[in-house]
Amino acid sequence: MLDKTFQPAAVEPRISQLWEDAGAFRAGTREGVDSFCVVIPPPNVTGNLHMGHALNNTLQDVMVRFERMRGKNVLWQPGTDHAGIATQMVVERQLEASGISRHDLGREQFVDRVWSWKEQSGGSILNQLRRLGASCDWSRERFTMDEGLSRAVLKVFVELYRKGLIYKDKRLVNWDPKLLTAISDLEVQPTEAKGHLWHLRYPVKGEEGRYIVVATTRPETMLGDTAVAVHPDDERYRDLIGNHVVLPLVGREIPIVADEHADPETGSGAVKITPAHDFNDFEVGKRHDLPMINVLDERARINENAPDAYRGLDRYEARRRIVADMQELGLLERIDEHMLTLPYGDRSGVVIEPWLTDQWYVDAATLAEPAIRAVEDGRSVFIPRNWEKTYFEWMRNIQPWCISRQLWWGHQIPAWYGPDGHIFVAETEEEAVADALAHYVLNETLTDEEARALAADPERRADFLRRDEDVLDTWFSSALWPFSTLGWPDRTPELDRYYPTSVLVTGFDIIFFWVARMMMMGLHFMDEVPFPKIYIHGIVRDEHGQKMSKSKGNVVDPLDLISEFGADALRFTMASLATPGQDVKPSKARIEGYRNFATKLWNASRFIEMNECRVPPRFDPSTAELVVSRWILSESETTAREIAEGIEQFRFNDAAATAYRFVWNVFCDWYVELAKPALQGPDGAEKEETRAVAAFVLTRILKLLHPFMPFVTEELWQHLGHEGVLATASWPVPADLEDPEACAEIGWVIEAISAIRSVRSEMNVPAGARLPLVLVQASAETRERAERYGTELKQLARLDSVAAGDQAPSGSVQMVVGGTTLALPIAEVIDLSAEQSRLEKEIGKLGAEIEKIRAKLGNENFTARAPEHVVAEQRERMASAEETRGRLQSALERLCGAA
RNA sequence: GGGCGGUUAGCUCAGCUGGUAGAGCGCCACGUUUACACCGUGGAUGUCGGGAGUUCGAUCCUCUCACCGCCCA
């Protein structure tokens, strides 16, 4: 016998183990069927489960469990990425605690340390995903630094390099002066801050006393200025274009150039150009062929390219000095308060510097072309569709992708440099050595003999040929995820079977960083899109719509919610709120509500169990005879269809709501109640059928709910003695059970009971009082229905008799259900004036409705132009409203006559 | 500045192709019923942000204004 409440904390670990033991999530166990494959957006190996993961993985799991139950060969590929900076920082912090830096250890030992950290405590997020119920094929877990995936990375790098799609270049990058590496745009957090706008005077050369005023938020960068730009149409400066200014403090003569980058509206209209320290200025510099003078070192201190006075100063100290010095020279015109956006490194928390360095780049523009076409012609579709705009926008303006990082943890770039700086790119060192030696023998730098000696002596060779120290951006390897996890570059059966994957599920925040790059790489190396569908969900906010952040203190830990309410409740909440294109704002009250829903299901099952309901072997639901059986079977069929459609169309909220309504408001509220008389009555055919149908429908419910609430449904499945595991049971097969007649009949019963209850409550009839019911001038059909459901009506509407009559007994309360007047004689308790006003109110409401419809039907434009079925519908509504009103009116007259 | 999304019941949100405004929570009243008080029954609550237009008909389509949010520059 089941407990009174479902205890998720006790059940969940056991059920997880059960699935594991059953190998329920293994891919490839079914032959000759369609495959369904999803690759998980690999979480960061240092990460912890947050609400975004909970949403993302719930939705994937709903689809994956659904398709698995539908009999497909399902692979949900799990794994993590190696998160270059984050992981390196975790281990560095550990080292710091014992007072050593990674440099003390050396690269090799440091990387070993990272690996052992990874083995011990990395990837705990995958266990957290298990707690959520994610049905990944855990036996196939991958890591972007795995041997296989690393091989894929090498091959991709080498191939792209050979095609000229990877190259080395000197450009501005986002440089983190604390972590001493380039970082990606994703890792830069633009943050609004109060700052200043310094207006500086630059003296015009050869025009004594004439200045050009430039406004800047970063005065210290003036040391690297190589031009002043003004708008070509700006009259104020037209005569100065082509002249020079003398850069104060430095003394360099720099040109005044005309460029549209200068905005005549802001500040003075003239802008200083520092190509080596600003992304916009860099572009201006290229357009005008300006020198690029880097005045900062890797830690953002002023370097040797600046005048002695400032060398070695930190950027902020330099700023103070420069402002002071300019003021002293009378060259500081004024200082304005100014709001500006500063780029903070999200890991280091310091302001990022645009810094000129040598880095490796991917020619993203070239790779983007096929990726753009694939979405244009619909080989990959965004759901919701609008996201393709964001995708196109970014893809069409794509910048070279900087892929090198000055870190130790990651895929080391497979490039070697000869003594003259010549680059050799190869998948292995051996190959690179062979290439290099051949190269230098050919150009006669080396003799054959020297080359052979080098080849034989690794130590001398290391001096001769030096490997690039940098590693690749983590996203470079995640971009390969949809095929590298399947075994590429080997031609594996998995690759044939699962590529392209079926759908990618992710948040819009990483369309650029991940989706776009997977598209580029997938198309280039597999010649096919990595996924035909890209489902983009919203982000999770708190219940007031605020973005969750540590500083706001509104972060909710999904694991806490799982502990408190159960994974099923959290999942159901996520699915219910996953409206296409909208953000998700879960509240505790909502989650609690779905915890209650799980308990409701639990108790309904408890009831079914208590009444010894079981599905007989070879039970055929189409043979059910009782109307109530046919009705609930019909409803279950409709529900199954709607849930399937909802999931297929990514309308998770609709699917969840349909399931919720069916289970609670149809099955529990009505079917169980209507079935009680039969279940609690004498043994016989009726009871037997009811038991079978109740159990059958409950079984269906468990299946329908399983994708959303896997734990409670599996627990019940096991408890109720079903075979195997629910996770691999088959989705309800449509069995032509929809039955409009049964639905109409039970609909009438439900309506009648509801109407009686409502009137009782309104008339303050004591809950315990049993009343007689009279059906006034009822049709044969209605009388039959009342007869058939006499027991149920009596029980649920608290009646002591149900009879037919020609007239409502005097002193009765009357209502109209489906065209029949129902009368409750309650003369002794009736409050005549209350009943009179109740009837008048009803009649008034109907009158208003009738008038509205009459006006509509009286409009010739409407009857002529509206579709016929709409007009017919209005006519019907009007007829039925008029009939009901008539009946209520005569009830009112009778009542007044009696009074 | 460009793009996207939002504004519907006290709160959080649904409302698919225009044709009777819905859910959950909250609130009020009542608790006959051994599946369930994490429950049951009944009830109240909306000029669907403002304005204009298209249409026989607009929460839904078009334009416009206001406010809020996100992304990009």
Side-chain angles (χ1 to χ4, degrees), chain A residues 1-6 185 190 263 265 279-280 341 384 386-387 389-390 392-394 397 508-509 511-512 538-539 541-547 565-566 569 573 576-577 579-611 645-646 649 651 653-654 656-657 660-661 664-665 668-669 672-673 676 679-680 753-770 795-798 849 852-853 855-867 869-871 873-874 876-878 881:
Chain A
M1 171 78 155
L2 292 164
D3 289 340
K4 247 182 154 178
T5 53
F6 169 55
D185 300 351
D263 177 5
E265 305 294 315
F279 287 101
N280 288 315
T341 308
N386 335 1
W387 289 111
K389 279 199 176 179
T390 305
F392 286 140
E393 176 64 20
W394 193 71
N397 297 297
F508 59 76
D509 41 343
I511 290 177
F512 306 147
I539 62 169
R541 299 167 177 280
D542 75 7
E543 59 187 300
H544 305 294
Q546 297 285 310
K547 209 167 173 174
F565 300 110
T573 305
S576 304
L577 296 177
T579 313
Q582 292 315 125
D583 287 343
V584 169
K585 286 161 238 175
S587 67
K588 264 203 175 185
R590 190 109 188 191
I591 303 172
E592 194 181 0
Y594 292 127
R595 186 270 319 263
N596 297 350
F597 177 55
T599 306
K600 187 74 180 177
L601 169 69
W602 184 263
N603 276 294
S605 306
R606 194 162 169 265
F607 173 82
I608 300 289
E609 185 188 33
M610 285 168 70
N611 284 281
E645 285 168 2
Q649 293 164 22
R651 304 191 62 90
N653 60 320
D654 286 347
Y660 184 95
R661 264 198 299 274
W664 199 315
N665 304 118
C668 292
D669 287 351
V672 166
E673 296 305 327
K676 273 178 186 174
L679 291 173
Q680 289 160 2
I753 292 168
S754 300
I756 296 166
R757 282 171 170 175
S758 178
V759 164
R760 289 178 60 118
S761 169
E762 259 180 273
M763 291 290 103
N764 291 314
V765 177
R770 285 186 172 270
Q795 186 161 327
L796 298 180
R798 286 313 272 177
E849 200 189 336
K852 228 169 99 182
I853 305 172
K856 213 178 232 192
L857 288 170
N859 182 344
E860 270 180 47
N861 271 322
F862 174 71
T863 45
R865 298 190 196 200
H869 74 273
V870 172
V871 177
E873 199 185 307
Q874 296 297 321
E876 246 168 70
R877 273 183 59 203
M878 174 132 127

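In what follows, chains carry the letters A, B, and so on, assigned in the order in which the sequence lines appear, proteins first and then strands, with residues in each chain numbered from 1.
No option in A:F565, A:Y660, A:W664 other than A:Y660 meets the ring-ring contact (aromatic ring centres under 6.0 Å, His included) test with A:Y594.
By the side-chain contact (heavy atoms from CB on, under 4.5 Å) test, A:N653 pairs with A:T579, A:P580, A:R651, sequence neighbours left out. Checked against side-chain hydrogen bond (donor to acceptor under 3.5 Å, both in side chains), A:E876 has no partners two or more places apart in sequence or in another chain. A:R595 is linked by a salt bridge (charged side-chain N to carboxylate O under 4.0 Å, His left out) to A:E592, counting only residues two or more places apart in sequence or in another chain. Scanning for salt bridge (charged side-chain N to carboxylate O under 4.0 Å, His left out) contacts around A:R877 gives A:E849, with sequence neighbours left out. For the salt bridge (charged side-chain N to carboxylate O under 4.0 Å, His left out) test, no residue two or more places apart in sequence or in another chain qualifies with A:K856. By the side-chain contact (heavy atoms from CB on, under 4.5 Å) test, A:A797 is found to be paired with A:I753, A:I756, A:L799, residues two or more places apart in sequence or in another chain being considered. Scanning for side-chain hydrogen bond (donor to acceptor under 3.5 Å, both in side chains) contacts around A:E609 gives A:H719, with sequence neighbours left out. For A:E873, the salt bridge (charged side-chain N to carboxylate O under 4.0 Å, His left out) test picks out no residue, with sequence neighbours left out. In this view, A:N665 and A:D669 satisfy the side-chain hydrogen bond (donor to acceptor under 3.5 Å, both in side chains) rule, not counting sequence neighbours.
When each of A:W387 and A:K852 is assigned the nucleotide of RNA chain B with its nearest heavy atom, A:W387 is the one assigned upstream, toward the 5' end. Between A:E393 and A:E849, the one whose closest nucleotide on RNA chain B sits nearer the 5' end is A:E849.
One interatomic measurement links the two molecules: CG of A:N596 to C1' of B:G40, which rounds to 14 Å at whole-angstrom precision. Between A:D654 atom CG and B:U17 atom C1' there is a gap of 15 Å when expressed in whole angstrom units. Across the protein-nucleic acid pair, A:M878 atom CE and B:G19 atom P stand 21 Å apart, rounded to whole Å. Taking atom CG on A:N653 and atom P on B:G22, their separation rounds to 18 Å, with Å as the unit. Between the CD1 atom of A:I591 and the C1' atom of B:U12 there is a distance of 12 Å, given to the nearest Å. In this structure, A:R877 places its CZ atom 13 Å from C1' of B:G57, rounding to the nearest Å. Straight-line distance from the CD atom of A:Q874 to the P atom of B:G57: 14 Å, rounded to whole Å. The distance from atom CD1 of A:I753 to atom C1' of B:G40 is 14 Å, rounded to the nearest whole Å.
Between the side chain of A:R757 and the backbone N or O of A:L796, at least one donor-acceptor pair lies under 3.5 Å.
For the P atoms, the distance from B:G15 to B:G51 is 24 Å, rounded to whole Å. Taking atom C1' in both B:A58 and B:G50, the straight-line distance is 16 Å, to the nearest Å. A gap of 44 Å separates the P atoms of B:A35 and B:U17, to the nearest Å. Rounded to the nearest Å, the gap between the C1' atom of B:G2 and that of B:U47 is 36 Å. Comparing B:U12 with B:G53, their C1' atoms are spaced 33 Å from each other, to the whole Å. Spacing between B:U33 and B:C28 at atom P, rounded to whole Å, works out to 25 Å. Spacing between B:C11 and B:C27 at atom P, rounded to whole Å, works out to 15 Å. Look at the C1' atom in both B:U7 and B:A14: the space between them is 15 Å, to the nearest Å.
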How does RNA chain B look in dot-bracket form if you count Watson-Crick and G-U pairs under 3.5 Å, write [ ] for pairs that cross, and put | where a base pairs with another strand?
(((((((..((((.....[..)))).(((((.......))))).....(((((..]....)))))))))))).

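Side-chain atoms of A:R595 come within donor-acceptor range of the base of B:C38, with a qualifying N/O pair under 3.5 Å.
Side-chain contact between A:V584 and A:I539: absent, with no pair of heavy atoms (C-beta onward) separated by less than 4.5 Å.
Listed nucleotides: B:U20, B:C38, B:G6. Nearest to the side chain of A:Q582: B:G6.
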Polar-atom pairs under 3.5 Å, protein N or O versus N or O of nucleotides 28-32 of chain B: list them with distances, or write none.
| residue | atom | partner | partner atom | Å |
| --- | --- | --- | --- | --- |
| B:U32 | O2' | A:R798 | NH2 | 2.6 |
| B:U32 | O2 | A:R798 | NE | 2.8 |
| B:U32 | O2 | A:R798 | NH1 | 3.2 |

Listing time: all N or O pairs from protein to nucleotides 34-37 of chain B that are below 3.5 Å?
| residue | atom | partner | partner atom | Å |
| --- | --- | --- | --- | --- |
| B:A35 | OP1 | A:K676 | NZ | 3.4 |
| B:A35 | O3' | A:R606 | NH1 | 3.2 |
| B:A35 | O2' | A:N603 | OD1 | 3.0 |
| B:A35 | O2' | A:R606 | NH1 | 2.7 |
| B:A35 | N7 | A:K676 | NZ | 3.4 |
| B:A35 | N6 | A:C668 | O | 3.2 |
| B:A35 | N6 | A:E673 | OE2 | 3.3 |
| B:A35 | N3 | A:N603 | O | 3.1 |
| B:A35 | N3 | A:A604 | N | 3.3 |
| B:C36 | O4' | A:N603 | OD1 | 3.1 |
| B:C36 | O2' | A:N603 | ND2 | 3.4 |
| B:C36 | O2 | A:K600 | NZ | 2.8 |
| B:C36 | N3 | A:K600 | NZ | 3.0 |

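Regarding contacts with the backbone of B:G43, every side-chain N or O of A:R760 stays at 4.0 angstrom or more from both OP1 and OP2. Phosphate proximity of B:A14 to A:T579: present, with a side-chain N or O under 4.0 Å from OP1 or OP2. Distances shorter than 4.0 Å separate some side-chain N or O of A:S758 from OP1 or OP2 on B:G43. A:N280 has no side-chain polar atom (N or O) that falls below the 4.0 Å cut-off from OP1 or OP2 of B:A73.
Nearest approach of A:F607 to A:V672, heavy atoms of both residues: CE2-CG1, 3.5 Å.
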